[in-house]
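Worksheet: one structure, shown below.
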Amino acid sequence: MTFSTPQSRLIVALDTADRAAAERLVEATEGTVGVYKVGLEFAMAGGLNFAKELADAGHAVFLDMKLLDIANTVASAVRSAGGIGARYLTVHAYPQAIRAAVSARPQGLSIVAVTVLTSMDDEDLRETGYADTASALVEKRIAQAASLGADCIVCAPTEAAAAHRSGLVVITPGVRLPDDAAGDQKRIATPQDAIRAGADAIVVGRPINAAADPREAALRYTAAIAEGLAARD
Ligand code: C5P
């Protein structure tokens, strides 16, 4: 796995519907970021073509498609993602979806299981029809993802320690420096705490892509990752 330096551990979300804005963000942050993440908003607006261009130019690309469908469709989508040249692809951590994704995984593509969205708390889960608390469901899904052969897991920073013990590579969104707005994220932590707890990489969206100076913001996050790594030893 390629998460080593503080920079390599920073995944920046290109959460925009505007290709020109994504190009500006990549240009502004190049050399300070390890991985660029293309999610649903951008995918619906030409982002997958941009993702292929980024991959062709040598950037590590994370396709955050959060796949969940019948096994045949998930497997076919995973094979198609191989053609984009992405390094990471997310699927919701439902056993059926993970099994299908792992069985179709092309070389060089890591399957990333998403446990429970970091915007969900216990009450949101109850509303969805789950009896489990967020932390109980996350724990269950971490164990399932590990036993079904997923490569990485996405979970909240507060669950990074448990995920780390599973042996999966741990990726955490919901990360904020103290001065940055939480937005809709409900289970947040600083980069230092997330890394110290066992996160291998962090995903940061709005605090970098909506910053007046995205490069300066990315550098603040990599410095915080470095502090977290130092505190681990
Ligand atoms: O702007 P912010 O830093 O909150 O963005 C976090 C990014 O991580 C978004 O692209 C969001 O879709 C993604 N994400 C998340 N929670 C998950 C999985 C992915 O926030 N469980």
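As the structure lists them, so they are numbered: ligands from 1, and atoms in each ligand from 1. We count residues from 1, following the sequence as given.
Looking at Arg126 and Asp122, no side-chain N of the basic residue comes within less than 4.0 Å of a carboxylate O on the acidic one, giving no salt bridge.
For the side chain to side chain contact (heavy atoms under 4.5 Å, CB included) test, residues two or more places apart in sequence or in another chain that qualify with Arg206 are Arg176, Asp184, Gln185, Asn209. By the side-chain hydrogen bond (donor to acceptor under 3.5 Å, both in side chains) test, Arg9 pairs with no residue at all, sequence neighbours left out.
Seen from the ring of Phe42, Arg19 does not count as a face-on cation partner, given the 6.0 Å and 45° thresholds.
Contacts classified as ring pair (Phe, Tyr, Trp, His ring centres under 6.0 Å) and involving residues 20-40 (residues at least two apart or in different chains) are given here: Tyr36-His59.
Criterion: ILVMFWY side-chain heavy atoms under 4.5 Å apart, direct or through other members. Under it, Leu219 and Val26 are not part of a common hydrophobic cluster.
The contact shell of ligand 1, taken as protein residues with any non-hydrogen atom closer than 4.0 angstrom, comprises Ala13, Asp15, Lys37, Asp64, Lys66, Val114, Val116, Leu117, Thr118, Val154, Pro173, Arg176, Gln185, Val203, Val204, Gly205, Arg206, Pro207.
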